[in-house]
Amino acid sequence: MDKKKYQGYINNFRRRLAQYLKPGFGLLCNVYPSDDGGAILEFVIGVNAENDDVYKESSKTLGAALSNIEQRAFGGNLEGFSFGGTNTILENNRIIYIKEANPNEWSDSAAKKEVKVIISNSQGASK
């Protein structure tokens, strides 16, 4: 598990998103790593939520890791799924990223781009 890579991305994402959150909101991140170096990041936004990172046990594949998360975007046998790049699931107070191992997906510029997409989607939804 490349915890340094994951933690760097999480810190950058949290830093970039924090400026858009109201005071008192926190961002918990559950990390579901896969053996190939990718991971699923489940960010939970909430009032008085701790800014904490919880690392789960590594799974063989991203699909297997996804089967450990309650979500509504994908169903069936998730172990057969193959993911490339960064895939995003938005549900209620959660942002779920399914990220392949490619270092470009874990950079600060990727975090900046992904926060920009989240913010533009949320502003469009509130109009």
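Note that these values count all heavy atoms, side chains included, but never hydrogens, waters or copies made by symmetry. All figures in this text were calculated on a predicted structure; none of them were measured in a lab.
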Exercise for review: Taking the side chain as every heavy atom from C-beta outward, state whether Ser34 and Thr61 have any pair of such atoms under 4.5 Å apart.
Suggested key: no
Review point. Any side-chain heavy atom of Pro33 sitting closer than 4.5 Å to one from Tyr6?
Key: yes
Rounded to the nearest 0.5 Å, the NZ atom of Lys56 sits from the CD1 atom of Ile69 at a distance of 9.5 Å
Sorted by chain and residue number, the side-chain hydrogen bond (donor to acceptor under 3.5 Å, both in side chains) partners of Thr88 (sequence neighbours excluded) come out as none
Quiz item: So do Arg94 and Ile45 actually touch side chain to side chain, heavy atoms under 4.5 Å?
Solution: no
ask   = With a cut-off of 6.0 Å (strictly less than), are more than 12 heavy atoms of other residues, nucleotides or ligands near CD of Gln7?
value = yes
(Q) Would you say that Lys60 contacts Asp36 through its side chain, given a criterion of any heavy-atom pair below 4.5 Å between the two side chains? (A) no
Closest non-hydrogen contact found for Asn68 with Ser59 is ND2-OG, 3.4 Å
ILVMFWY network linking Val54 to Val31, side-chain heavy atoms under 4.5 angstrom: no
_Has Glu100 got a side-chain atom pairing as donor or acceptor with Gly85's backbone, closer than 3.5 angstrom?_
yes
When rounded to the nearest 0.5 Å, the distance separating CZ of Arg14 from CG of Asn12 is 11.0 Å
Here the gap from Cys29 atom SG to Glu50 atom CD, rounded to the nearest 0.5 Å, amounts to 14.0 Å
Is there a path from Leu21 to Leu28 through hydrophobic residues (I, L, V, M, F, W, Y) whose side chains come within less than 4.5 Å of each other? no
Here the ring-ring contact (aromatic ring centres under 6.0 Å, His included) pairs for residues 34-54, sequence neighbours left out, are Phe13-Phe43
Closest non-hydrogen contact found for Ala101 with Lys5 is O-NZ, 3.4 Å
Discussion item. For a 4.5 angstrom cut-off between non-hydrogen side-chain atoms, does Ile95 reach Glu42?
Written reply: no
> Are Leu62 and Ile89 in one and the same hydrophobic cluster, where Ile, Leu, Val, Met, Phe, Trp and Tyr link if side-chain heavy atoms are under 4.5 Å apart?
Replying inline: yes
Hydrophobic clustering (ILVMFWY, side-chain heavy atoms < 4.5 Å, transitive) - are Ile96 and Val44 grouped together?
no
With a 4.5 Å cut-off on side-chain heavy atoms, are Leu41 and Tyr9 touching?
yes
More than 12 heavy atoms of other groups within 6.0 Å of Gln19 CD
yes
Less than 4.5 Å apart, side chain to side chain, heavy atoms only: is that true for Ile98 and Thr86?
no
Asp35 and Ser58 have their tightest heavy-atom pair at OD1-OG, 2.7 Å
- prompt: Does Arg16 use its side chain to pair, donor to acceptor, with the backbone of Ala111 at less than 3.5 Å?
  reply: no
Quiz item: Are Leu17 and Leu27 side-chain neighbours, meaning at least one heavy-atom pair lies under 4.5 Å?
Solution: yes
Regarding Lys99 and the six-membered ring of Tyr97, is the cationic atom NZ or CZ under 6.0 Å from the ring centre and inside 45° of its axis? yes
